[in-house]
Amino acid sequence: MPSARRIRLLALAAVVTVFFVLFYGTGFGRGNSGTSADFYHKTMDAMRGNGNAPGQTIINAETGKKAGHIPADTDGDGDIDDDDKKARKELQDRLSKLAQEAKDNANEKAGPKPDTPSKLVGVGNSAEGNRKPDGDGVKKVEDKKAADAATAEKGKEKARVPESPAEVALFDILKKAPVVIFSKSYCPHSKRAKGILLEKYVITPKPYIVELDEHELGSQIQDVLEGLTGRRTVPNIMVNKASIGGADSIVELDNKGELMSKIQGLGKGKIEISEHFSAEQVKGAAPAGR
């Protein structure tokens, strides 16, 4: 059996042998400093990712087979030339065309674009309805609004459908004449208003008088009048379905000389009104008892 000393010598000899084999096999022992420098630089370039110059084929270090080409070598012929530039341009054109087609398809699916904020006023569900009118457009919009308001005013009566018997009775009464006097037979204020309207003035068509205390639905009609005109007390003078107030209002308008014009204005050509006697007739009348 070999001694421990021989075993150590054999191990040392094996290590020295391996060292020399590796040293001379890699070129370090050939005395060529240029070769060693090339090996060093190539190794560092590979570590930094610069192991392939433009146009150089990429080699798999483990298998030794081609792993592709650097990105600049578009046509894969191993070098960069005009063909590579042309191929890159064609590729970019195709990508741009595909991107534009995708954008156009998306716009078609999304529908029309809204107007810019400078062309809109307010916020609404329809951009076209909120578009700012220019020039004559302002007048057209105003005329349309006025026409719509007039149509809505005319349609109020048609839209209002009476529900209770009192409402039905009231709507029938308002159709009797342009001027309707809602009164109570025992009310002194009602007598005062009727005296002015019926004795001082001649109104054509003749005012229609409703004595609510004598009407079978008088109390209910009075409730409906309060809802429509905001006035529950009597008298309640209606001209063309609009209330002009009670006795105090009639007296005030008469004293100011405005009662006739008020009734004619609300009557809209449907009412004629004049005084029974003019001021000249009253002055020229003979004194009573002579």
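Reckoned from all heavy atoms, side chains included, excluding hydrogens, waters and symmetry mates.
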Student: What is the distance from atom OG of Ser249 to atom CD1 of Ile244, rounded to the nearest 0.5 Å?
Tutor: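 One finds 7.5 Å between OG of Ser249 and CD1 of Ile244.
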Student: Do the side-chain N and O atoms of Glu211 and Ser183 include a donor-acceptor pair separated by under 3.5 angstrom?
Tutor: yes
Student: Among pairs that include at least one residue of residues 256-266, which meet side chain to side chain donor-acceptor pair (under 3.5 Å), considering only residues two or more places apart or in two chains?
Tutor: Glu252-Lys256
Student: Within the supplied structure, the quantity of interest is the number of heavy atoms (other residues, nucleotides, ligands) at a distance under 6.0 Å from Arg231 CZ; does it exceed 12?
Tutor: yes
Student: Please determine whether the number of non-hydrogen atoms from other residues, nucleotides or ligands lying under 6.0 Å from atom NZ of Lys200 exceeds 12.
Tutor: yes
Student: Answer whether the closest heavy-atom distance between the side chains of Tyr208 and Ile173 falls below 4.5 Å.
Tutor: yes
Student: So, taking the atom named CD1 in Ile209 and the one named CG in Leu198, what distance separates them when rounded to the nearest 0.5 Å?
Tutor: 4.5 Å
Student: Quick one: are Val202 and Ile273 in side-chain contact, heavy atoms under 4.5 Å?
Tutor: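 When only atoms from C-beta onward are counted, Ile273 and Val202 do not touch, as no gap falls below 4.5 Å.
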Student: So does Lys89 pair up with Asp93, basic N to acidic O under 4.0 Å?
Tutor: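 Result for this pair is yes, salt bridge flagged.
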Student: Taking side chain as C-beta onward, heavy atoms only, is Ile196 less than 4.5 Å from Val251?
Tutor: yes
Student: Find the distance between CG (Leu95) and CD (Gln100) and round it off to the nearest 0.5 Å.
Tutor: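 Here the interatomic distance stands at 13.5 Å.
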Student: Does any part of the side chain of Tyr201, heavy atoms only, come nearer than 4.5 Å to the side chain of Asp254, both counted from C-beta?
Tutor: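 In short, these two side chains touch, coming nearer than 4.5 Å.
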